[in-house]
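Because only heavy atoms are used, hydrogens play no part in the values below, and waters and symmetry mates are left out as well, while side chains stay in. Worth saying up front: this structure is predicted, and the values here are computed from it rather than measured. A, B, ... follow the sequence lines: proteins, then strands. Residue 1 opens every chain.
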Amino acid sequence: MSKDLYIYNSLSRNKDLFQPLNAPFVGLYVCGPTVYANVHLGNCRTFMFFDVVYRYLTHLGYKVRYVRNITDVGHITSTFDDGVDRIGQQARLEQLEPMEIVQKYTNYFHEVMRVFNNHSPSIEPTATGHMIEQIEMIKKILDQGFAYEVNGSIYFDVQAYRAKYPYGELSGRNVEELYENTRTLDGQDEKKFFADFALWKAASPEHIMRWPSPWGEGFPGWHLECSAMSTKYLGEQFDIHGGGMDLKFPHHESEIAQNTACCGKGPVKYWMHSNMLTVNGQKMSKSLGNSFLPHELFAGDHPLLEKGYTPQVVRFFMMQAHYRSTLDFSNDALNAAEKAYERMMSAYESIEQCKPSTESDADISALEARCYAAMGDDFNTPILIAELFEAVRLINGCKNGQQALTAEQLTHLKTIMDHFLMDVMGLQAPEASADHELPNVMMDAVFAVRKGLKERKDYATADLLRDAFAERNIVLKDTKEGGEWTYEKK
RNA sequence: GGUCCUGUGGCCGAGCGGCUAGGCAGAGCUCUGCAAAAGCUCGUACAGCGGUUCGAAUCCGCUCGGGACCUCCA
């Protein structure tokens, strides 16, 4: 069975066979959040997807070092001279210390990541914690002649860089064309060339976040931290760099330029970009005001929402679309995902109830191979889910005696579900089984009573019992053996 | 304006030269005291117009619609 993995590489614009630089080790870097506000669902999609990348590589047996940074300084609202640091701005707004802002929104971010069942990264470095590395990197770029100083700020010299290396390869930008469209904005700038970007900004007297440097007090540019931290923890060259599509330019393009200027070679073998989550066809973003916060979605506490959805349903919903497609967020789609998720999970949980046969015409190994093929084809989770519904069909068929499965096949199906549903896609069963133990014992008695009533053909009382539970959101379902029950929230 | 992506059945969403995607919703059947669940079967599809091809949802051209990026963004 082939477990080859093909990854769509934004740099080559091709699905490339994944071959790690130093197997079995894999370096994975993902641009994390700027912690100046609560992460919204669009952000979560990216982190959830790269969690699946991390999980699948790990499942394949790679030793993955997953680095995802926290941007806690340097993310300025524009690179012009009046640019404001997002963290500093929010600190003034909320009348808190910048580090209080950082802590507050980092906490929320971590809580959301946990609730969505994302694995923690191996290393979660912060920009403020790597000031020395960033300053050292600037020195190297200066030494190589690809940066210059103006009034205590250091800018990356795109023209000097372009004379030696290609610039704009990742995003397909043409500097001349960019210039055509930006020259009007290029006013009283201290940069030599419009496309130059800040590596270090001198801090104005009122600027709160500031660090000493060889060029005076200031703060690092946004793009620099990722270059410095990925180099520190993953080396000058590493395997996979991920992030949202909107980071391709200028952020990732600048990263490539910084690393290349510093080390003479491009840093990343496979660039991966996940597409946007949209609302009514438009990108979900904080600035457009159409973003959902995770807790609003769970509680259904938002004008555009009819009801709440559990984190697991949301995760399943995200997995039903390919990461390179935009995904539109709607009540209908979420409702459909909820139903699908519940069907999937109830089949998963009922594998033990299947009675094995001695013979079977089902080909479970082929099913497993198709699961690997789906994931191997650029992490195609929608196809994987379609294959897992084939497993659902087999399990349900077996449960009501229409499909013969051997004991080995049932175990195999359980393994496949465990691997792909739980380990790879990071889904979880709706509720912990421990909570079910006592209610189950009680419900067994209820079903015994109903059975007696039905045998006496006292259907009215039997229905009364069922209705009484239904009023309390507990749905009773009769089966041949007795009954099943579920919570059904409204 | 530039660069790029995209338009699939009632809805979501894969596929991207020939072979059923899948889910949700809908119809019929089986099972069932009824119901629910589950299984089986079914329906209608590839924006429009041309072209290439034995064959196009898939490739090419044009038209129309939607979106992203072009120094805030996951």
Side-chain angles (χ1 to χ4, degrees), chain A residues 30-34 36 39-50 75-80 83-84 86 168 171-174 176-178 180-182 185 194-198 222-223 242-251 253-254 273-278 281-288 291 316-317 320-322 324-328 330 332-341 343-344 346-347 350 374 380-390 392-393 395-397 399-403 454 457-459 462-463 466-467 470 475-480 483-484 486 488:
Chain A
V30 174
C31 291
T34 301
Y36 73 104
V39 277
H40 61 69
L41 237 28
N43 304 317
C44 290
R45 184 186 182 193
T46 297
F47 300 129
M48 230 182 271
F49 168 67
F50 284 105
H75 201 154
I76 39 192
T77 52
S78 93
T79 52
F80 303 111
V84 194
R86 283 208 177 280
S171 57
R173 295 290 131 151
N174 176 314
E176 279 74 20
E177 279 167 1
L178 278 175
E180 289 297 313
N181 304 311
T182 18
L185 298 169
F194 80 98
D196 293 350
F197 53 90
W222 174 38
H223 313 309
M245 252 178 197
D246 47 359
L247 295 185
K248 241 189 200 178
F249 188 89
H251 186 55
E253 202 68 77
S254 303
H273 291 97
S274 62
N275 215 136
M276 301 293 107
L277 184 67
T278 60
Q282 270 216 318
K283 174 181 170 180
M284 180 182 287
S285 76
K286 197 165 163 0
S287 50
L288 285 171
S291 57
F316 187 87
F317 165 73
Q320 277 189 308
H322 187 79
R324 282 192 288 118
S325 303
T326 53
L327 172 62
D328 200 59
S330 70
D332 286 352
L334 242 7
N335 274 325
E338 182 173 58
K339 291 270 177 58
Y341 167 74
R343 195 155 86 85
M344 177 76 77
S346 80
S350 67
N380 200 324
T381 52
I383 297 282
L384 173 61
I385 288 174
E387 298 299 349
L388 292 177
F389 270 110
E390 175 67 15
V392 167
R393 207 176 56 77
I395 292 163
N396 286 334
K399 216 169 107 190
N400 55 25
Q402 292 169 349
Q403 170 71 52
K454 289 195 296 184
K457 302 224 189 292
D458 184 0
Y459 297 125
D463 288 350
R466 189 166 62 191
D467 294 345
V475 180
L476 306 190
K477 299 167 188 170
D478 295 340
T479 62
K480 288 199 185 85
E484 289 174 357
T486 52
E488 214 110 308

Please list, for nucleotides 7-16 of chain B, all pairs of protein and nucleotide N/O atoms separated by less than 3.5 Å.
residue, atom, partner, partner atom, Å
G13(B), OP1, D328(A), N, 3.1
G13(B), O2', Q320(A), O, 3.4
A14(B), OP1, H322(A), N, 2.7
A14(B), OP1, S325(A), OG, 3.1
G15(B), OP1, N380(A), ND2, 3.2

Exercise for the section: Write down the distance between NZ (K248(A)) and P (C72(B)), rounded to a whole number of angstrom. Expected result: 19 Å
Exercise for the section: Figure out the CD/P separation between E338(A) and C24(B), and round it to whole Å. Expected result: 12 Å
Handout entry: Same-atom distance (C1') from G48(B) to G66(B), integer angstrom
Key = 15 Å
Exercise for the section: Kindly indicate whether the side chain of R86(A) and the base of C72(B) share any N or O donor-acceptor pair separated by less than 3.5 Å? Expected result: yes
Fill in the blank from the handout: If pairing means Watson-Crick or G-U wobble with both distances under 3.5 Å, then the partner of A68(B) is U3(B)
Handout entry: Separation between the C1' atoms of U52(B) and G67(B), rounded to whole Å
Key = 29 Å
Distances for protein N/O vs nucleotides 36-42 of chain B N/O pairs under 3.5 angstrom?
residue, atom, partner, partner atom, Å
A36(B), N1, D478(A), O, 3.3
A38(B), O3', N396(A), ND2, 3.0
A38(B), O2', N400(A), ND2, 2.8
G39(B), OP1, R343(A), NH1, 3.4
G39(B), OP1, N396(A), ND2, 3.3
G39(B), OP2, R343(A), NH1, 3.4
G39(B), O4', Q402(A), OE1, 3.2
G39(B), O2', Q402(A), OE1, 2.5
C40(B), OP1, R393(A), NH1, 2.3

Handout entry: Sugar-phosphate only, base, or nothing, as touched by K339(A) at under 4.0 Å among non-hydrogen atoms
Key = sugar-phosphate
Handout entry: Nearest-Å distance once atom C1' is located in both G61(B) and G1(B)
Key = 23 Å
Problem - C5(B) and C59(B), which share atom name P, separated by this distance in whole Å - result: 11 Å
Handout entry: Heavy-atom check, side chain of S274(A) versus side chain of R45(A), under 4.5 Å
Key = no
